[in-house]
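Quick notes on the structure that follows.
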There are 2 protein chains.
Amino acid sequence: MYIEIDFNSDEAIYMQLRNQIIAAIATSQLKEGESLPSVRNLADNIGVNMHTVNKAYSSLRQDGFLKVDRRRGAVVAVDIDKLHFLNKMKVLLQPVVISGIVKGISREEAKGLIDDIYDELGF
Amino acid sequence: MYIEIDFNSDEAIYMQLRNQIIAAIATSQLKEGESLPSVRNLADNIGVNMHTVNKAYSSLRQDGFLKVDRRRGAVVAVDIDKLHFLNKMKVLLQPVVISGIVKGISREEAKGLIDDIYDELGF
DNA sequence: TAATTGTTATACTTATAATATAACAGAGTC
DNA sequence: GACTCTGTTATATTATAAGTATAACAATTA
């Protein structure tokens, strides 16, 4: 697990952590059933507080990317409720896409960006 | 201009304002060259502080959705630098789309969401 | 002159992010 | 049994950002 935190970013540390872990799952650097570093261990590694890592893990658990195994700590366990997530995803995409529309970005150009992202991850 | 603020939302008021103004531009409720309500006027209407509206206007100006005409106040004036905005848009879409990939949402399903958003706005 | 425009400055309150210690219950190891 | 490690919870503190509250400024309009 290679995590890189930008402390000058305006994005919260726990969100950077969250997004990078999800990306690691998407690229199979983290596989279903695999354990993540302990909150204390990862916190030491990247030089942040334990609670910051815990907040990232908690939100990942909340959104169905992790489960907690008392024996093995935080484990990758993606629960897939596509319908629910499609709605959530649309809400998140909406403001970004609408800004694009105003800026003259065509439907096909927007879909091109989606293609780019899928391509770069090898999907 | 119909603006509706959800004070219980976790989305900042000035961001709700910003997104709704951009959406109004996209749907031609606000047209190029049209004036927006004054910061004080709009602030009174929706029941927030003047500075909250000013923050929304400032960020819209910064991102090239408005210009300030000393005679007419804040005016819709979309400056279009597509290339720059495509890059910005990709960065914003990335974490959302990657989450979708992990949740098993296919490339075509993601593009379907883009279509939905364009369709709903009539583009 | 009076009123309006966006903008800037200052001060205050509130909410959230992040840090710092500390403790807990459950599980594994010696 | 003693010890260590797991996520989790509690409490307190600091820092930053959001939002409110007044006030003033220069430019413009009536």
Side-chain angles (χ1 to χ4, degrees), chain A residues 1 3-21 25 30 33-79 95, chain B residues 1 3-21 25 30 33-79 95:
Chain A
M1 271 254 297
I3 297 286
E4 194 146 1
I5 299 299
D6 176 7
F7 291 97
N8 296 323
S9 171
D10 53 344
E11 194 184 13
I13 295 175
Y14 83 95
M15 282 299 286
Q16 294 185 46
L17 219 59
R18 187 192 138 96
N19 287 336
Q20 289 186 38
I21 289 171
I25 298 175
L30 281 174
E34 221 172 301
S35 289
L36 276 77
S38 77
V39 285
R40 292 168 179 82
N41 199 313
L42 183 51
D44 275 358
N45 272 352
I46 60 184
V48 299
N49 190 273
M50 180 198 68
H51 289 94
T52 306
V53 176
N54 189 249
K55 191 170 181 177
Y57 280 19
S58 290
S59 89
L60 286 166
R61 182 174 50 80
Q62 175 109 18
D63 292 342
F65 291 97
L66 300 181
K67 277 185 182 169
V68 172
D69 187 329
R70 266 274 163 223
R71 295 165 296 180
R72 305 171 46 215
V75 175
V76 177
V78 180
D79 92 296
Chain B
M1 271 256 296
I3 297 286
E4 193 147 359
I5 299 299
D6 176 7
F7 292 96
N8 295 323
S9 171
D10 52 345
E11 193 183 13
I13 295 174
Y14 83 95
M15 283 298 287
Q16 294 185 47
L17 219 58
R18 186 191 140 97
N19 287 336
Q20 289 187 39
I21 289 170
I25 298 175
L30 282 174
E34 220 172 302
S35 289
L36 275 76
S38 77
V39 286
R40 292 169 179 81
N41 199 315
L42 183 51
D44 275 358
N45 272 353
I46 60 184
V48 300
N49 191 272
M50 181 198 67
H51 289 95
T52 306
V53 176
N54 189 251
K55 190 169 182 179
Y57 280 20
S58 291
S59 90
L60 286 167
R61 183 175 50 78
Q62 175 110 19
D63 292 342
F65 292 98
L66 299 181
K67 277 185 181 166
V68 171
D69 187 328
R70 265 274 162 224
R71 295 166 295 180
R72 305 172 47 216
V75 176
V76 177
V78 180
D79 92 296

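Lettering of chains follows the sequences in order, A, B, ..., and the numbering in each one begins at 1. Quick caveat: nothing in here was measured; it's all calculated off a predicted structure.
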Inspect the surroundings of CZ in Arg71(B) and state if more than 12 heavy atoms from other residues, nucleotides or ligands are less than 6.0 Å away.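 Atom CZ in Arg71(B) is not packed in, count stays at 12 or less.
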For atom [atom1] of [X] and atom [atom2] of [N], their distance in whole Å:
{"X": "Tyr57(A)", "N": "dC5(D)", "atom1": "OH", "atom2": "P", "value": "16 Å"}
{"X": "Asn41(B)", "N": "dG6(C)", "atom1": "CG", "atom2": "C1'", "value": "14 Å"}
{"X": "Asp44(B)", "N": "dT4(C)", "atom1": "CG", "atom2": "P", "value": "12 Å"}
{"X": "Arg71(A)", "N": "dA25(C)", "atom1": "CZ", "atom2": "C1'", "value": "16 Å"}
{"X": "Ile46(A)", "N": "dT19(C)", "atom1": "CD1", "atom2": "C1'", "value": "13 Å"}
{"X": "Asn8(A)", "N": "dT16(D)", "atom1": "CG", "atom2": "P", "value": "12 Å"}
{"X": "Gln16(A)", "N": "dA18(C)", "atom1": "CD", "atom2": "P", "value": "8 Å"}
{"X": "Asp10(B)", "N": "dA18(D)", "atom1": "CG", "atom2": "P", "value": "14 Å"}

Just checking [X]: base, sugar-phosphate only, or nothing, at a heavy-atom cut-off of under 4.0 Å?
{"X": "Asn54(B)", "result": "base"}
{"X": "Arg72(A)", "result": "nothing"}
{"X": "Arg70(A)", "result": "base"}

Any side-chain N or O of [X] below 4.0 angstrom from OP1/OP2 of [N]?
{"X": "Lys55(A)", "N": "dA18(C)", "answer": "no"}
{"X": "Tyr14(B)", "N": "dA18(D)", "answer": "yes"}
{"X": "Ser38(A)", "N": "dC5(D)", "answer": "no"}
{"X": "Ser58(B)", "N": "dG6(C)", "answer": "no"}
{"X": "Thr52(B)", "N": "dT20(D)", "answer": "yes"}

Closest heavy-atom contact between Met50(A) and Val39(A)? CG-CG2, 4.0 Å
Could you pull out the closest heavy-atom pair between Val75(A) and Ser35(A), with the gap in Å?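 Heavy-atom minimum between the residues: CG2-OG, 3.9 Å.
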Taking the nucleotide of DNA chain C with the nearest heavy atom to each, does Val39(B) or Val48(A) sit closer to the 5' end? Val39(B)
Pairwise 5' ranking along DNA chain C for Ile13(A) and Met50(A), keeping only the more 5' one: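 Per heavy-atom nearest nucleotide, the more 5' residue is Ile13(A).
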Side chain His51(A) and base dT9(D) donor-acceptor under 3.5 Å: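 Yes, the side chain and the base share a sub-3.5 Å donor-acceptor pair.
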Is any side-chain N or O of Arg40(B) under 3.5 Å from a base N or O of dT22(D), one able to act as donor and the other as acceptor? no
Name the one of Asn45(A), Ile13(A), Asp44(A), Leu17(A) that satisfies side-chain contact (heavy atoms from CB on, under 4.5 Å) with Val53(A)?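 Testing each of Asn45(A), Ile13(A), Asp44(A), Leu17(A) against Val53(A), the sole residue satisfying side-chain contact (heavy atoms from CB on, under 4.5 Å) is Leu17(A).
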Donor-acceptor under 3.5 Å (Arg61(B) side chain, Ala74(B) main chain):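 Not a single qualifying donor-acceptor pair exists.
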